[in-house]
There are 2 protein chains.
Amino acid sequence: MSDLDVHNLLASHNLRCTRPRVKLATLLFADGRDRHVTAEWAADALAKEGDEVALATVYNTLNSFVEAGLLRQISCQEAGRQVFDTNVEPHHHFYNEQTGELTDVPQNAFRFYKMPAAPDGAEIVDWQVTVTIRPH
Amino acid sequence: MSDLDVHNLLASHNLRCTRPRVKLATLLFADGRDRHVTAEWAADALAKEGDEVALATVYNTLNSFVEAGLLRQISCQEAGRQVFDTNVEPHHHFYNEQTGELTDVPQNAFRFYKMPAAPDGAEIVDWQVTVTIRPH
DNA sequence: TCATAATTTATATTCATTCTAATTAAAATG
DNA sequence: CATTTTAATTAGAATGAATATAAATTATGA
Ligand SMILES: [Mn+2]
Ligand SMILES: [Mn+2]
Ligand SMILES: [Zn+2]
Ligand SMILES: [Zn+2]
């Protein structure tokens with residue numbers, strides 16, 4: 001993903017093109033890989049490249065990205081810290097209980113022939129599976 | 001669940017029978033209902049009954065109950081606070097996105113004919129589904 | 001270029017949770 | 001029952017993640 005692509009990505013999501021946003025968008029989206037990151041991880045990764053960004057700005061930016069639909073906030077495992085997922089499509093996760101690492105599982109890796117009905121007065125809007133795995 | 005039952009429950013899990021533990025065990029297990037509670041909720045509930053217990057003790061006790069297998073710690077939704085589940089059997093959850101409320105879904109409410117294989121070098125130890133629901 | 005509104009940032013603040021260390025209480029022992 | 005031992009409780013301090021504040025900076029477009 002080129003500088004221009006990052007610029008377009010931000011612009012097309014109504015996000016002003018600022019240094020912290022360009023750096024973070026490049027870090028998170030440039031290679032198209034799925035990532036599950038914390039604010040601290042992102043701040044450290046930028047710092048290692050010499051691109052210091054205030055931690056408050058990292059939080060602000062990640063939250064803006066969520067609001068813009070570029071990131072999704074996930075809250076499975078590791079209670080106590082927010083994790084941001086670069087994959088905003090519906091999908092599931094492997095959770096490695098040794099390392100805490102999350103890995104994507106495609107939506108269609110599960111096929112159910114029985115699902116619970118929604119409780120009265122409610123509708124199902126989403127479902128996601130967390131598969132806990134253990135290295136052996 | 002009588003006082004004696006609570007005493008036996010604690011004793012059989014190698015937990016000394018202290019006032020905070022009796023109060024919390026009664027609050028959480030006496031009526032056999034499934035509950036998903038935070039430490040703060042439990043502390044408030046005890047205080048309302050006139051059974052003040054220090055918040056640190058509530059945390060200590062809930063964590064002891066988890067270690068003893070009386071509670072399970074769940075970490076879906078509402079990142080930033082621990083939720084303790086009185087149902088320690090494998091099961092799934094409805095998550096009401098309006099209220100944040102969690103409701104149990106029995107393990108057998110899902111039947112699948114396709115599940116992902118575990119990644120190389122790992123085995124699947126557990127899987128759980130969070131079904132997000134919205135009142136309509 | 002200039003004006004305006006948005007963003008960044010250092011810092012303070014909030015909130016959930018854990019830690020510390022002194023006190024209290026439960027169980028075990030004689 | 002009295003004593004000893006060991007574990008649990010607690011107030012208050014400390015930690016750590018995340019947000020709020022408010023002053024300085026910057027992006028954008030007029
Ligand atoms: Mn993912
Ligand atoms: Mn449950
Ligand atoms: Zn740009
Ligand atoms: Zn008892």
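Proteins get letters first, then strands, A, B, ... in listed order; numbering begins at 1 in each.
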Practice problem: Go through the structure and list residues passing side-chain hydrogen bond (donor to acceptor under 3.5 Å, both in side chains) with A/Glu101, not counting sequence neighbours. | Solution: none
Practice problem: Quantify the bending of the helix from C/dT1-D/dA30 to C/dG30-D/dC1 as the angle between its end axes, each fitted on five pairs, to 10°. | Solution: 30°
Quiz item: Of all residues at least two apart in sequence or in a different chain, which pass the side-chain hydrogen bond (donor to acceptor under 3.5 Å, both in side chains) check with A/Asn60?
Solution: none
Quiz prompt | Sequence neighbours excluded, every pair satisfying ring-ring contact (aromatic ring centres under 6.0 Å, His included) that has a member inside residues 34-56 of chain A | solution = A/His36-A/His93
Quiz item: Phosphate oxygens OP1/OP2 of C/dT17: is one of them under 4.0 Å from a side-chain N or O of B/Tyr59?
Solution: yes
Quiz item: Measuring from B/Phe29:CZ to B/Leu24:CG, what's the distance to the nearest 0.5 Å?
Solution: 9.0 Å
Quiz item: Separation of B/Phe84 atom CZ from C/dA16 atom P, in whole Å?
Solution: 13 Å
Practice problem: With sequence neighbours left out, write down each residue that passes side chain to side chain contact (heavy atoms under 4.5 Å, CB included) with A/Gln98, or none if nothing qualifies. | Solution: A/Asn96, A/Pro135
Distances for protein N/O vs nucleotides 6-10 of chain C N/O pairs under 3.5 angstrom?
unit_1, atom_1, unit_2, atom_2, d
C/dA6, O4', A/Arg16, NH1, 3.3
C/dA6, O4', A/Arg16, NH2, 3.3
C/dT7, OP1, A/Arg21, NH1, 2.9
C/dT7, OP1, A/Arg21, NH2, 3.1
C/dT8, OP1, A/Thr18, OG1, 2.3
C/dT9, OP2, A/Ala54, N, 3.4
C/dT9, OP2, A/Thr57, OG1, 2.9

Quiz item: Any ion pair linking B/Asp51 and B/Lys23 (charged N to carboxylate O, less than 4.0 Å)?
Solution: yes
Quiz item: Can you check the B/Asp44 CG to C/dA16 C1' distance for me, whole Å?
Solution: 14 Å
Quiz item: Roughly how many Å is it from CH2 in A/Trp41 to C1' in D/dA17, rounded to a whole number?
Solution: 18 Å
Quiz item: Taking the six-membered ring for Trp, are the ring centroids of B/Phe112 and A/Phe110 within less than 6.0 Å of each other?
Solution: no
Practice problem: Considering just the side-chain nitrogens and oxygens of A/Asn63, establish if one lies under 4.0 Å of OP1 or OP2 belonging to D/dA18. | Solution: no
Quiz item: Quick one: B/Arg81 CZ to C/dT18 P, roughly how many Å, whole number?
Solution: 13 Å
Quiz prompt | Side-chain touch B/Leu15/B/Leu70, heavy atoms, less than 4.5 angstrom | solution = yes
Quiz item: Over how many whole Å does the gap from A/Glu40 atom CD to D/dT15 atom P extend?
Solution: 16 Å
Quiz item: Charged N to carboxylate O below 4.0 Å: is that the case for B/Arg81 and B/Glu40?
Solution: yes
Quiz prompt | Integer-rounded Å distance: C/dA26 C1' and B/Leu10 CG | solution = 13 Å
Quiz prompt | Protein-nucleotide distance (A/Gln82, atom CD; D/dG16, atom P), rounded to Å | solution = 18 Å
